[in-house]
2 protein chains.
Amino acid sequence: MGTKQQITERIGSLLRESKLSVTETRTKILELFMKSSGALEHADFEKLTGKTFDRVTIYRTLQTFLDKGIIHKIPTTDTSVRYALCKSECSEHDHHDHHIHFKCEECGNTICLDETDVPPIHLPKGYAAHTVEVVVSGVCKSCK
Amino acid sequence: MGTKQQITERIGSLLRESKLSVTETRTKILELFMKSSGALEHADFEKLTGKTFDRVTIYRTLQTFLDKGIIHKIPTTDTSVRYALCKSECSEHDHHDHHIHFKCEECGNTICLDETDVPPIHLPKGYAAHTVEVVVSGVCKSCK
DNA sequence: CATAAATTTGCAACAATGTTGCAAATAAAA
DNA sequence: TTTTATTTGCAACATTGTTGCAAATTTATG
């Protein structure tokens with residue numbers, strides 16, 4: 001994981017690579033992503049340690065990160081929106097998630113299973129697939 | 001598809017089987033589900049032909065149908081919630097969707113691909129799967 | 001390092017979406 | 001037909017997401 005300072009430096013590079021100003025909000029939000037194992041939703045960012053950020057700022061920051069391919073959304077069956085950090089293969093114009101998502105029914109956490117590939121889906125004739133999203137619900141390692 | 005009257009009768013049976021009163025709202029909403037090929041969202045129900053139903057009634061009706069296993073939700077990456085009719089295998093206490101969902105990036109429609117099975121997912125050790133949701137985005141038959 | 005230019009933030013105001021309690025209306029049971 | 005149970009619609013509210021704009025912060029420039 002690295003020291004606090006190393007993480008801050010890594011975040012700085014990430015933001016500069018994406019041609020974004022290095023600001024307190026962006027740094028804090030990325031820190032939270034790196035610290036937490038699972039996917040985050042909007043509410044998680046409002047209770048950030050110390051200073052609280054305006055809801056609007058958080059919405060805009062998350063949207064910016066989505067645009068730049070730094071984070072991705074995870075599909076849900078409710079109105080909540082969950083976000084997770086992208087791996088290095090993702091970029092602004094070529095944004096793929098080749099992993100599946102797992103939502104634990106016990107603890108409620110959603111995590112990216114990076115090692116588990118999305119299986120090939122055989123669609124009926126006439127359909128062209130662009131992206132495939134897989135969300136598995138069940139009981140996770142920790143809750144078993 | 002059958003005549004209007006046959007559909008109405010089928011809807012009546014479906015509701016009675018689920019131990020629900022046969023009301024105008026429920027009938028109209030089920031009619032809309034049966035007429036439309038794809039998944040529906042809340043807004044689609046508000047502009048129902050003729051009489052308009054209260055938003056609250058629609059929310060409650062959809063929730064009731066979910067509880068009874070008449071419809072199911074489809075995961076999305078935004079805040080919208082999409083619903084589709086369940087097939088006969090679904091019931092109140094045993095609710096599976098063994099098909100995948102396809103969202104067309106052209107026309108915006110979401111449809112259930114009933115013939116396309118969900119492939120088996122090989123999870124890492126320690127994870128127990130309960131349900132698997134697959135949503136494929138791309139271009140559908142009609143838009144190609 | 002100081003200043004100018006560009007970007008980001010926070011506030012206010014609004015829009016859209018979802019929820020709850022309760023009385024009136026409707027459907028089912030007697 | 002009358003009684004009982006269920007459903008509906010209204011009002012009021014809670015939550016979530018959006019837009020314009022001025023103040024604050026960050027980056028670029030001399």
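Worth knowing before you read on, the calculation uses all heavy atoms, side chains too, and leaves out hydrogens, waters and symmetry mates. To find a chain, count down the sequence lines: A is the first, B the second, and so on, and within it residues start at 1.
Per the geometry, CD1 belonging to Ile11(A) stands 15 Å off P belonging to dT26(D), to the nearest Å. Nucleotide dT7(C) holds its C1' atom 15 Å from the CG atom of Asp67(A), rounded to whole Å. Atoms CG (Asp78(B)) and C1' (dA16(C)) sit 13 Å apart, rounded to a whole Å. Note: CD1 (Ile58(A)) to C1' (dT15(D)) measures 15 Å, nearest angstrom. Taking atom CG on Leu30(B) and atom P on dT7(D), their separation rounds to 14 Å, with Å as the unit. Rounded to whole Å, the distance from CG on Leu15(B) to P on dA28(C) is 9 Å. In this entry the distance linking OH of Tyr59(B) with C1' of dT15(D) reads 11 Å, nearest Å. One can place CD1 of Ile29(B) at 13 Å from P of dT7(D), the figure rounded to the nearest angstrom.
With the nearest nucleotide of DNA chain D identified for both Leu20(B) and Ser80(A), Leu20(B) has the one nearer the 5' end. Heavy-atom distances to DNA chain C give each of Thr79(B) and Ser21(B) a nearest nucleotide, and the one nearer the 5′ end belongs to Thr79(B). Between Thr64(A) and Arg55(A), the residue anchored closer to the 5' end of DNA chain C is Thr64(A), taking for each the nucleotide with the nearest heavy atom.
A close approach under 4.0 Å does occur between a side-chain nitrogen or oxygen of Thr25(B) and OP1 or OP2 of dT8(D). Distances shorter than 4.0 Å separate some side-chain N or O of Thr23(B) from OP1 or OP2 on dT8(D). Distances shorter than 4.0 Å separate some side-chain N or O of Arg26(A) from OP1 or OP2 on dT8(C).
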Derivation and outcome, ring-ring contact (aromatic ring centres under 6.0 Å, His included), residues Tyr127(A) and Phe102(B): CA-CA 9 Å; Tyr127(A) 291 89; Phe102(B) 187 90; 5.0 Å; yes

Chi angles and distances behind the side-chain contact (heavy atoms from CB on, under 4.5 Å) call for Glu31(A), Lys4(A): CA-CA 9 Å; Glu31(A) 264 176 32; Lys4(A) 169 102 179 171; 3.5 Å; yes

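When ring centroids are compared, Phe45(A) and Tyr59(A) stay outside the 6.0 Å threshold.
For dG17(D), the base has no donor-acceptor partner in the side chain of Arg60(A) [N/O atoms by modelled type, under 3.5 angstrom].
Remark: Asp54(B) pairs with Val56(B), Thr57(B) by the side-chain contact (heavy atoms from CB on, under 4.5 Å) rule, at least two apart or across chains. Glu41(B) meets the side chain to side chain donor-acceptor pair (under 3.5 Å) test with no other residue; sequence neighbours excluded.
For Thr57(A), taking side-chain heavy atoms from C-beta onward, the closest of the listed nucleotides dT9(C), dG9(D), dT18(D) is dT9(C).
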